[in-house]
Each structure stands twice: as structure tokens, then as C-alpha cells.
Number of protein chains: 2
Amino acid sequence: MYIGTKGDYGIRALIDLAMYGGAGPIQRAEIARRQHIPEAYLDHLLAQLRRAGFIQSTRGPGGGHQLNRPAAEICLLHALETLEGSLAPMPCLEDHDDGESDSVCAQQWVWREIYDDMRARLQAVTLADLAAREQERLRALATSYSI
Amino acid sequence: MYIGTKGDYGIRALIDLAMYGGAGPIQRAEIARRQHIPEAYLDHLLAQLRRAGFIQSTRGPGGGHQLNRPAAEICLLHALETLEGSLAPMPCLEDHDDGESDSVCAQQWVWREIYDDMRARLQAVTLADLAAREQERLRALATSYSI
DNA sequence: GTATTCTTGACTAAGTTAGTCGAGAATTGC
DNA sequence: GCAATTCTCGACTAACTTAGTCAAGAATAC
């Protein structure tokens, strides 16, 4: 498998910050509750996002986490790579600086195309896009209940 | 990671059969030596390919393995799925019969596009294509040595 | 000083990957 | 029928990854 709970939870946490973080820091407990993520586990994901510069955190009462940049300037590709590590689909495509390594597998050329397409699509999506989709999903859910 | 040694070795074994299997069965020892694959491990991969109908095997002296269909009629997608299992990049995309499961992750829509693109590309490549590429690679390698 | 909140590293259980090994079954040629 | 060859199958293993948990500690607000 590819995108596990790290990538899923981590991106959901970022979306949560984008949606509800307008008025100051949000606590991890709040994110965990809203997104159904184990709190202790979320800690590690937030730590990675902080170290990579996506969020900043403040301690003490009233503390929490908030985005360091506007959601429209955060792209899904970099956030996912921060959370999951390299997304390369096979070992011989890890950081391809086109230096010939000796492990050139037979299917490399197909997968290089697939990988390039994947990165392009992920780079085109911003956190703002994801938050807008989520907003819409919640709205649709709410109206379907109220009918 | 995605495509491991199962997918790499298994496809290389199929390419080997496509390239050298014209005149009768090829023994696993020969494939293993030519493709640098541990023989005992190759056993399991060949067994899976046999059970999925890609190859047939005969025992006894002079026995070995051969393709069940022309190389041009074997597509990379199905061979890889046989060897590696589902190629879905995230749990919520496993066999998507578009029934709403409750685990809908926020990024699903991007990844569904990526997955569809991936499957289309893999389906368009046949074993004959791969064998031709390999043939060319070996030829280029040989001439570069002889210069 | 106390309560709150984040920070960090150590630890664990379960599952996957990449194999190895050995007993056995089918086939060929004599 | 016997021996050699070759595939078949299931059990086993070591190392690694994933998905967490837990506890001690540091910073901040009041």
C-alpha cells in the first residue's frame, strides 16, 4: 500500500487547521476529536509538519497549532512527501537524478511516466482546494440529514 | 514502496520466457541465473503466475516453464496485479465498486484520478513491448562494450 | 505555583517482505 | 522398475514497517 494513516491523518489535520484555524491556534485534542485520530499518534504527525515548516505550535493554555502559510500556498505533493516519505513507486525511481544506478528494473520507463503524472497532479492541488471540497462534503451531508 | 521484488522479479521472469522460450520450456534455474533471481524465491513467483494462467510448467528432465499465450496478449497490469496484489494507492480505493464505504479519505478524488491514469498506462503495455525494450537494452549494452 | 498544552524519545504488537528449506510428486530415459 | 531431473507446496525465519501507546519533560498563562 501507499498512502497509509500517516498521509491520511496528517492531511486531514492540515485541512482541519485550514478550515477552523482562522481565529488562533487549535489544540491537538480538538483536531483529534473532529477528525477521529488517536491523539498520541497525531502528535507525531504534527511534529513532522512543524519541522517541515507547514505549521507552528505554541504551548501553554490557549496554545495549539496553526498554519504557517495561506492554505492556497501549500501543495498536496510536498505535504504528503513530508508525512509519508518518498512516493516513488519502485526503488529504482527514488530521487531520480538520472544517474544510472545498477538496479534498473525492466518496467522503469512505464513507471517513470506514471510517477511524473502522479507528481504533477499532486502538485496542482492545494490545501485550499482540499478544504473547499471538505466544506462542500460536510454541507451536502448536513442537508441530506435534514431532508 | 509499491513494486517490490515480487513485481520486479516476476515480470523479468515473464520477459525471459518471452525472449528465450520460443523453442520449448525453460528451467527455473536458467531464468534465475540469467535474471539474477534467487532460485527458491522464483519458485513462488512462477507458482503464482501458473495459477493465474500466464504460464504452464512441465516436470521431469527437459521440463520447465513457458508462456500460455502470445506475449502480445499479456498486459502488464494483470501480470503485476497477480504478483503484487491490488495496486490501489490507498485503502479506500481497493476494488472501487463505488459503494460508499465509511472510510472516505479527504484526498480520495485526486488519487482516484492518479489510479485510473496508472491502470490505463499499465494496461496499454504488453509483455511483447517489454521484451522488445529489453532486447534493445541488451543490444545497446553489447555494442557499448565492443567499442 | 499550578494547570494547560505541546515535545520528545522509548517502547510494542501485528503485519509484510524477501527470502530459505525440505519433503514430495511427476516425468524421462534406461 | 530405477535413477536422475525438474517442478510443487507448505512451513519457517529474519528484518523491516506500520500504527500506535506511554511517560517524562519543557514552555506558557494566570
Side-chain angles (χ1 to χ4, degrees), chain A residues 1-13 17 21 24-33 35-52 54-66 68 80 83-91 94 103 105, chain B residues 1-13 17 21 24-33 35-52 54-66 68 80 83-91 94 103 105:
Chain A
M1 194 72 51
Y2 221 165
I3 302 300
T5 57
K6 283 185 284 195
D8 183 16
Y9 292 168
I11 297 299
R12 289 206 334 242
L17 291 179
I26 307 221
Q27 289 122 34
R28 71 169 179 199
E30 197 176 339
I31 303 174
R33 180 171 35 75
Q35 304 293 332
H36 310 105
I37 301 172
E39 210 173 318
Y41 190 40
L42 181 56
D43 261 6
H44 294 303
L45 306 177
L46 290 172
Q48 280 193 270
L49 290 170
R50 178 167 12 84
R51 283 191 281 263
F54 288 99
I55 63 176
Q56 70 184 77
S57 315
T58 50
R59 306 194 220 196
H65 309 271
Q66 52 197 317
N68 242 344
L80 271 180
L83 292 160
E84 293 275 0
S86 166
L87 300 179
M90 47 184 16
E94 299 287 350
S103 70
C105 53
Chain B
M1 196 69 55
Y2 218 165
I3 301 299
T5 57
K6 283 186 284 195
D8 182 14
Y9 292 168
I11 297 300
R12 285 199 346 235
L17 291 180
I26 307 222
Q27 288 123 35
R28 75 171 175 198
E30 197 177 339
I31 303 174
R33 181 171 34 75
Q35 304 292 333
H36 310 105
I37 303 172
E39 210 174 318
Y41 190 40
L42 181 55
D43 259 7
H44 294 305
L45 306 177
L46 290 173
Q48 281 194 268
L49 291 171
R50 180 166 11 85
R51 284 192 279 264
F54 288 100
I55 63 177
Q56 70 184 77
S57 315
T58 50
R59 305 194 219 197
H65 309 270
Q66 52 197 317
N68 243 343
L80 270 180
L83 291 160
E84 292 275 1
S86 165
L87 300 178
M90 47 185 14
E94 299 286 351
S103 70
C105 52

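Chain letters run A, B, ... following the sequence lines, proteins first, then strands; residues in each count from 1. FYI, side chains are in, hydrogens and waters are out, and symmetry mates aren't considered; it's all heavy atoms of this structure.
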Which residues share a side-chain hydrogen bond (donor to acceptor under 3.5 Å, both in side chains) with [X], sequence neighbours left out:
X	answer
Thr5(A)	Tyr41(A)
Ser86(B)	Glu94(B)
Asp43(A)	Arg28(A)

Next on the checklist: Using a 4.0 Å heavy-atom cut-off, does Arg28(A) contact any base of the nucleic acid, only the sugar-phosphate backbone, or nothing at all?
Outcome noted: base
[X] [atom1] - [N] [atom2] separation (whole Å):
X	N	atom1	atom2	result
Gln66(B)	dT6(D)	CD	C1'	14 Å
Ile3(A)	dT17(D)	CD1	C1'	15 Å
His65(B)	dT5(D)	NE2	P	17 Å
Gln27(B)	dT5(D)	CD	P	11 Å
Gln56(B)	dT6(D)	CD	C1'	15 Å
Tyr9(B)	dG19(C)	OH	C1'	9 Å
Glu30(B)	dT5(D)	CD	C1'	15 Å
Arg12(A)	dA19(D)	CZ	P	13 Å

Taking only the side-chain nitrogens and oxygens of [X], find out if one of them lies under 4.0 Å from OP1 or OP2 of [N].
X	N	answer
Ser57(B)	dT8(D)	yes
Arg51(B)	dT8(D)	no
Thr5(B)	dA18(C)	yes

In 5'-to-3' order, the base (B), backbone-only (S) or no-contact (-) status of each nucleotide in nucleotides 21-30 of chain D, using a 4.0 angstrom heavy-atom cut-off, is B---BBBBS-
By side chain to side chain contact (heavy atoms under 4.5 Å, CB included), Arg50(A) pairs with (sequence neighbours left out) Ala47(A), Ile55(A), Ser57(A)
Contacts of Ala52(A) meeting side chain to side chain contact (heavy atoms under 4.5 Å, CB included) (sequence neighbours excluded), chain-then-number -> Phe54(A), Thr82(A)
### Task
Check whether any side-chain N or O of Gln27(A) sits under 3.5 Å from a backbone N or O of Gly63(A) as a donor-acceptor pair, and report yes or no.
yes
For this session: Ignoring hydrogens and angles, tell me if any N or O in the side chain of Glu84(B) forms a donor-acceptor pair with the backbone of Gly7(B) under 3.5 Å.
Result: yes
Among dA18(C), dT8(D), dA19(D), the one nearest any side-chain atom of Lys6(A) is dA19(D)
